[in-house]
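Below is one structure, written out as structure tokens; the observations come after it.
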Amino acid sequence: MEKRGEAGEYHSKDFEWDFLKNLVENDPSLSHHTQEQHPVDSSSSSFSDSKPWQDFHSRHSSGKFFKERRYLLKEFPELVLCGENSKLLEVGCGNGSTVLPVLRGSKNITVYACDCSSEALVRTKENIDRAIATVDNFHSFSCDFSTSAFPNWVACHHCRHNKNCYHSGESDGTSLDEHCIGGVDFVTLIFTLSAVPKEMMPRAIKECFAVLKPGGLLLFRDYGLYDMTMLRFEPEKCIGFREYVRSDGTLSYFFCLDTVKRLFTDAGFIEVELENCCVKAVNRRKNKIMNRVWVHGKFQKPFLK
């Protein structure tokens, strides 16, 4: 693959998205991606099981699959510039590729990371322990935010409803289950929401909104509409409009900007930033250009009036 600076590689305007849209929507061979399909049953009973992700992380337990997302600190500098005692909730931490650069980049932030797969949590802990000698600002826990609420210790009932509730944010030696941390300053959804069944996304986003402090930020990055990986799916893998199932049973949804805006503003967020990142990646071995599209977004929970 052609090399370039990380900021340029992952946050770029190599081409206009409308140019790609025109190419795709005028190609008859890609019509199954552009025409609304009769959805297959993608209800929670069909595709929300965490087992495919458990199996996924078991298969990819070697270090070869792990790649730090260092570019995120340039894309979301708030994670480095935050004040002391800031708190981040990383939803869908996978193998730790997001949390590790955050832990390296800032000593002011405490990271709470969750995933629906216990295997993923093991991989995250292994990768952090391998990279950083001593870590006292990282905690992980199991949670599927598409089907269940975050634990009360993340934000108690009073914190969720912005009532008078004062917490030090320190555990004082007690377990997390016994002490509310008072909500978080940041939530990161990095290639996580696309793996949630579409009809369950609104509930999942509202859960993120509930545990953010007023004024807190949700930082979002995920697959964009007509990304190369979308166009690789065969027609039989389409289970709904812009929604696909991989051969291993995991889901992948591809977002347009309007859909992202609607999902987050309907949950109560204020849009701060929202754009497509369009990158031409070059596979020199195959002499092939690949059009990558990712959606970048920042959304804020309103301050109390």
Side-chain angles (χ1 to χ4, degrees), residues 44 46-70 72 76 79 87-104 109-132 135 137-155 175-177 181 183-198 200-212 218-223 245-246 248-253 255 294:
S44 59
S46 300
F47 290 110
S48 65
D49 188 358
S50 62
K51 187 177 185 303
W53 285 109
Q54 188 84 346
D55 295 341
F56 175 89
H57 289 289
S58 295
R59 287 194 306 274
H60 298 286
S61 59
S62 71
K64 293 181 180 179
F65 183 71
F66 179 76
K67 182 181 179 182
E68 276 190 63
R69 293 175 172 142
R70 295 188 181 94
L72 289 176
F76 303 120
L79 296 174
K87 296 186 282 288
L88 161 67
L89 173 60
E90 157 70 351
V91 183
C93 63
N95 56 19
S97 56
T98 294
V99 299
L100 183 51
V102 174
L103 291 170
R104 288 187 195 272
I109 198 165
T110 298
V111 178
Y112 301 88
C114 70
D115 202 283
C116 65
S117 164
S118 59
E119 193 71 30
L121 298 177
V122 172
R123 299 283 85 76
T124 295
K125 186 66 166 58
E126 288 176 349
N127 287 324
I128 291 174
D129 289 345
R130 190 180 298 119
I132 304 176
V135 179
N137 59 334
F138 173 76
H139 309 277
S140 64
F141 62 100
S142 178
C143 182
D144 183 347
F145 80 132
S146 70
T147 59
S148 59
F150 292 118
N152 285 335
W153 60 258
V154 178
S175 71
L176 288 174
D177 290 337
I181 64 173
V184 295
D185 303 281
F186 304 99
V187 170
T188 47
L189 280 179
I190 310 298
F191 297 103
T192 297
L193 194 61
S194 57
V196 173
K198 185 179 179 182
M200 302 172 76
M201 291 181 186
R203 183 220 171 275
I205 294 171
K206 287 178 181 177
E207 186 61 23
C208 294
F209 182 89
V211 298
L212 265 175
L218 186 145
L219 309 175
F220 177 81
R221 188 176 179 90
D222 220 319
Y223 297 107
V245 60
R246 300 185 184 90
D248 61 6
T250 59
L251 294 183
S252 188
Y253 183 85
F255 294 95
W294 298 292

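The basis for the numbers below is simple: all heavy atoms, side chains too, and nothing from hydrogens, waters or symmetry mates. What you see is a predicted model; the values in this text were computed from it and never measured.
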message = With a 3.5 Å distance limit and no angle check, can you tell me whether Asn95 reaches the backbone of Asn127 through a side-chain donor-acceptor pair?
response = no
With [X] via side chain to side chain donor-acceptor pair (under 3.5 Å) - residues at least two apart:
X	value
Asp129	Lys125
Thr124	none
Arg104	Glu68

query = How about Asp115 and Ser117: does a side-chain donor come under 3.5 Å of a side-chain acceptor?
reply = no
Indicate yes or no: at least one non-hydrogen side-chain atom of [X] is less than 4.5 angstrom from one of [Y].
X	Y	value
Leu212	Val184	yes
Leu189	Leu218	yes
Arg69	Phe191	yes
Ser194	Leu251	no
Val196	Phe145	yes

[atom1]-[atom2] distance between [X] and [Y], expressed to the nearest 0.5 angstrom:
X	Y	atom1	atom2	answer
Ile109	Leu88	CD1	CG	4.5 Å
Glu90	Ser97	CD	OG	7.5 Å
Ser148	Glu207	OG	CD	7.5 Å

Closest approach of [X] to [Y] (non-hydrogen atoms, all atoms of both residues):
X	Y	result
Pro202	Lys198	CD-O, 3.7 Å
Cys143	Cys114	CB-CB, 4.1 Å
Ser146	Met200	O-CE, 3.3 Å
Asp222	Thr192	OD2-N, 3.5 Å
Ser142	Cys116	OG-O, 4.4 Å
Trp294	Arg221	CE3-NH2, 3.2 Å

request  = Indicate the ring-plane relationship of His139 and Tyr112, choosing parallel, tilted or perpendicular according to the 30° and 60° boundaries.
outcome  = parallel
For [X], all residues meeting side chain to side chain contact (heavy atoms under 4.5 Å, CB included), sequence neighbours excluded:
X	value
Phe76	Leu72, Glu78, Leu79, Ile190, Leu219, His296, Lys298
Asp185	Ser86, Lys87, Lys213
Val135	Leu103, Ile128, Ile132, Asn137, Phe138

